[in-house]
**Student:** 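Dropping a structure here in structure tokens format, bear with me for questions.
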Amino acid sequence: MSKLNSSPNFPGAILSLSRQELDGVEMEIIDGTLPADLHGHVFITAVSGFVNSHPIPGTSIVVPPKDGVPVINGDGMLCRLDFHQKGQEPQPGKVWLKTKLAGTPSFWADIATVEEEYTKYKFHNFGVARISEFLGVRNVVNTAWLPFKLTGEDSDRLLVTLDAGRAYEIDTQSLEVITPIGRNREWQQQLKLGLPFNLIMSTAHPYFDPRTQEMFTVNFTQSFESLLPPNFKRQTDVLDDILVSIGSFLGKVEDLLERLEEYIDHFSDRHKTTRLMAWGTAGVREIKELFEQAISFFRREEEEISDQDIPRPLKELWRELPGILWSEIDEAEDLADVKDFFDELLQLVKIGSTFLEGVKDMEDATYLLRWNGKDDFENWQLVLPDGSPVKIKQTIHQIGVTQDYLVVMDTSLKIGLNQLIVVKNKKLDQLIRQIINYSQSPETTIYIIPRADLNNQKKEVTAQKIVIPMEVFHFLVDYDNPGDRITLHTSHASAWDVAEWLRQSDIHRPLTDNPQPPVGMVVSGMDVNHLGRYFIDGKNGTLCESAIVTNFDANWAIAIWAYSNQKMADGSWYPPAKFDNIYWGAWGAWADLLSKYISQLYEDYKYRDEFVTEVKQATAGGKPSNICRLNTETMEIADIYQFPAGYFGNSPQFVPRANGSGDSTDGYIICTVVYDNGDRAGDVEIGTSEIWIFDAQDFHKGEVDPTWGIAKPLCRLGHPQFKFGFTTHCAWLPKIAPRQQGIYCVSIREDYEEIVKQQPEEVQKIFAEKIYPHFLDCIDNKSDGEK
């Protein structure tokens, strides 16, 4: 049995993981007994770093590069657990595992540009995104799943998704990526830059309605004004002026950085080393004098800048940047480190300049897409009753579908400049955050669309707008809507900013004495969270009734849900007509995940439930991650399992009991667990990754562990080579099979051909030799209108 952990700190093991693909390895039963009536296949998405993640010598473990990348940004590792079988072969009493990195076209481009021949085109991490100046934005499909099955098809199909990009369909048996959903021409780009890999904003949770055989998703764009932080918007209402001033600012910074790099190269050549101490006192003094001359470039421009109509935040950055650059030089022992910092900053400036070219064409628009699993999308732009476009301020992380209505929500996962601009220098990172960051909206905006209004005779459909108090991260809706009453079930992320993560600049200012807090992990929240139920009149777009549940011990950072599908007469499983039990996984409150920066950002939260002092006390003492079952009829928490101190439980998935009743609690809850066990490589915590299994009717059915003082799960599974860090959503399928031939498939070559032929010759070569060969089996089946 693995060593148990008793540390109150968040497990550092969340940052170490394996990118090794496993093809059918048998999981070990670490503790407990594997239930005999657990069946089918559980799919898990794990965020698995990138090709340039740092390997730990002598192991298959990698850790993130130290460039500010959050744990939510990384290639998707597609994992499948087969219970009592290996693939399709029966294996009673055993669990088999298969894993595979999600091989999207941009994944193969990322691999290719590590090679020396193509390093000019390589991708760089920018917060929640990974971007190449010449190729565009990575699609990492690392977030969620959507199973679906069309009438007449042999087996279930499965999509893997994310918010910022197209979903992809995979082969459920091989886990190979097969096809994107929708061709490039069917999606509206957030930025039109003429690069191969576009930034497309969609939802990580599209919805398939098996009753009508329709899939629904969204595609939205935001204007530059909508993306600007509030303190920029107050300076001027003239977009062109802002763009010109930002462009001028970036140009000046680029000139300065290039001057500084020239000095470094000049002195390094003369002294044959970048080590400052090797140059002697006179040499060090000389280079510092020349650096000071370069930085005086700022001073000469400062008066001109102050007279221009440049937003005040940029003027503040302009004033502070020289001192920060000087301190980076003054404190350095090796100019190679300084040059690396300048290179990083220069790359950020160049990316910013490139993206600035496309912002004038950005606009606020939201599109509802419907797909039959075979042909092109149908799409409608969403407008308000006055005819103005629906504007998304944050993201549409999830949508909901009822019998008669669609529910589109502006969710609390904000994506702005602060989630993209991250630098290693702590002082500069802090300054940029102070200038461009802002808190998420404390209200949630919901749009209700009648399904009956979706017809091909019109291009627009009207949405009713409703605003409710408190942020919503995830939600579910009952499929039944009797009398046009929509039932909405929510998790309120009150003062919990899911889009913020612990950064290097927070290390010296967390609310904990942990010497090595997990930089990159999503932060803890600044208030207790809530579970809600709302009744909405779909016809009139009005809120009729609401109920809120709060549990001070359990409701901290409520993240991911699970529920039982409804078993139909033919043995298939449909989303339930009415939810009566929902399982919510909460990440808890951890002292080493709450920095003073986040504490101050949400100190004045509008809908505060607990005083700030009480929140800090609760967080300092620790609130463990947990799973709770909410009875939606009584609006009471019927069961809670709190993980032991120092254990991070995540990604719950409901699996129905074989030959069971189909009741919403008749089954098992599968989840991922990460904890530290003292296994280290230098300063890196290797830790342990496990799968835990609970009885869905009673989380405490297992034997009480004397060390923990609480019940153990029914079963704990693990494997030495199965090392995941941060996982997201799961899915369950009763059966798997090779993907059926002759159904929907988009040819990658045809999909990219038009844009690729406009690129440099080397980029064309990357696609021809490094990308297209991975997608040779897909023949483009165009819609009827194109044949």
Side-chain angles (χ1 to χ4, degrees), residues 2-5 7 9-23 25 27-28 30 44-79 97 99-102 107 110-111 113-116 119 122-125 130 138 140 142 334 336-337 340 344 422 424 501-504 507 514-522 592-593 646-648 650 672-691 717-728:
S2 297
K3 289 182 286 186
L4 300 179
N5 176 49
S7 169
N9 293 327
F10 191 89
I14 199 74
L15 301 180
S16 59
L17 52 94
S18 174
R19 285 173 57 86
Q20 179 182 6
E21 296 179 333
L22 305 174
D23 188 11
V25 298
M27 295 288 284
E28 299 174 5
I30 297 170
I44 304 168
T45 46
V47 183
S48 298
F50 291 110
V51 62
N52 66 327
S53 294
H54 296 183
I56 298 176
T59 76
S60 64
I61 304 298
V62 300
V63 294
K66 295 181 179 179
D67 53 8
V69 61
V71 295
I72 62 173
N73 187 19
D75 287 323
M77 179 69 83
L78 312 180
C79 313
L97 169 71
T99 68
K100 197 164 191 62
L101 289 165
F107 169 86
D110 205 346
I111 298 292
T113 53
V114 173
E115 299 176 15
E116 184 176 354
T119 53
K122 69 181 179 180
F123 291 82
H124 301 266
N125 290 326
R130 185 165 172 83
R138 277 291 319 274
V140 294
N142 64 8
D334 193 328
D337 294 334
D340 285 344
E344 175 199 30
V422 182
K424 294 176 187 176
W501 63 95
L502 198 67
R503 302 194 187 184
Q504 290 284 351
I507 288 181
N514 182 2
Q516 292 181 317
V519 173
M521 180 57 196
V522 179
D592 45 356
L593 292 182
Y647 287 65
F648 178 55
N650 193 21
T672 62
V673 177
V674 173
Y675 62 94
D676 296 343
N677 62 3
D679 184 11
R680 302 178 66 85
D683 62 350
V684 176
E685 180 67 52
I686 302 298
T688 298
S689 304
E690 294 179 352
I691 304 297
L717 301 171
H719 191 280
Q721 295 172 286
F722 188 33
K723 181 65 179 72
F724 53 80
F726 185 77
T727 59
T728 49

**Student:** Side chains of Thr45 and Asn142: do they bring a donor and an acceptor to under 3.5 Å?
**Tutor:** no
**Student:** If you look at every heavy atom in Val519 and Gln504, which pair is closest and at what distance?
**Tutor:** CG1-N, 3.7 Å
**Student:** With side chains defined as the heavy atoms from C-beta onward, is the minimum distance between Val62 and Ser18 less than 4.5 Å?
**Tutor:** no
**Student:** Working to the nearest 0.5 angstrom, can you tell me the gap between Leu17 CG and Ser53 OG?
**Tutor:** 6.5 Å
**Student:** Kindly determine whether Arg19 and Asp75 satisfy side-chain contact (heavy atoms from CB on, under 4.5 Å), including the steps that lead there.
**Tutor:** CA-CA 9 Å; Arg19 285 173 57 86; Asp75 287 323; 3.0 Å; yes
**Student:** Can you name the closest pair of heavy atoms from Glu116 and Thr119 and give their distance?
**Tutor:** O-OG1, 3.4 Å
**Student:** Is the closest side-chain heavy-atom distance between Phe722 and Ile691 below 4.5 Å?
**Tutor:** yes
**Student:** Shortest non-hydrogen contact from Ser689 to Lys723?
**Tutor:** OG-CD, 3.4 Å
**Student:** Going from CG on Asn9 to CG on Asp676, what distance comes out if it is rounded to the nearest 0.5 angstrom?
**Tutor:** 8.5 Å
**Student:** Could you tell me whether the side chain of Phe724 reaches within less than 4.5 Å of the side chain of Thr99, counting heavy atoms only?
**Tutor:** no
**Student:** First locate atom OG of Ser48, then atom CD of Gln20, and finally report the distance between them rounded to the nearest 0.5 Å.
**Tutor:** 12.0 Å
**Student:** Do Trp501 and Ile72 have side chains that approach each other closer than 4.5 Å (heavy atoms only, starting at C-beta)?
**Tutor:** no
**Student:** So do the side chains of Ile44 and Met77 get within less than 4.5 Å of each other, counting heavy atoms only?
**Tutor:** no
**Student:** Between Leu15 and Pro64, is any pair of side-chain heavy atoms under 4.5 Å apart?
**Tutor:** yes
**Student:** Would Phe648 and Tyr675 count as a ring pair (Phe, Tyr, Trp, His ring centres under 6.0 Å) if you check the C-alpha gap in whole Å, the side-chain angles of each, and the deciding distance to 0.1 Å?
**Tutor:** CA-CA 6 Å; Phe648 178 55; Tyr675 62 94; over 10 Å; no
**Student:** Between Pro517 and Asp592, which heavy-atom pair has the shortest distance, and what is it?
**Tutor:** CB-O, 3.7 Å
**Student:** Does Arg130 offer a backbone N or O that forms a donor-acceptor pair with the side chain of Asn125 under 3.5 Å?
**Tutor:** no
**Student:** Side chains of Thr688 and Val674: closer than 4.5 Å at any heavy-atom pair?
**Tutor:** no
**Student:** Roughly how far apart are Glu28 CD and Glu690 CD, rounded to 0.5 Å?
**Tutor:** 10.0 Å
**Student:** Phe107 ring centre to Arg138 NZ or CZ under 6.0 Å, with the angle to the axis within 45°?
**Tutor:** no
**Student:** Val47 pairs by side-chain contact (heavy atoms from CB on, under 4.5 Å) with which of Thr728, Val71, Thr727?
**Tutor:** Thr728
**Student:** Main chain of Cys79, side chain of Lys100: is a donor-acceptor contact present, judged purely on distance under 3.5 Å?
**Tutor:** no
**Student:** Once rounded to the nearest 0.5 Å, what's the spacing between atom CG of Leu717 and atom CG of Leu97?
**Tutor:** 10.0 Å
**Student:** Just so I know, are the side chains of Arg680 and Ile686 near enough to count as touching, which here means a heavy-atom distance under 4.5 Å?
**Tutor:** no
**Student:** Say you draw a straight line from CG of Leu22 to OG of Ser60; how long is it, rounded to the nearest 0.5 Å?
**Tutor:** 8.0 Å
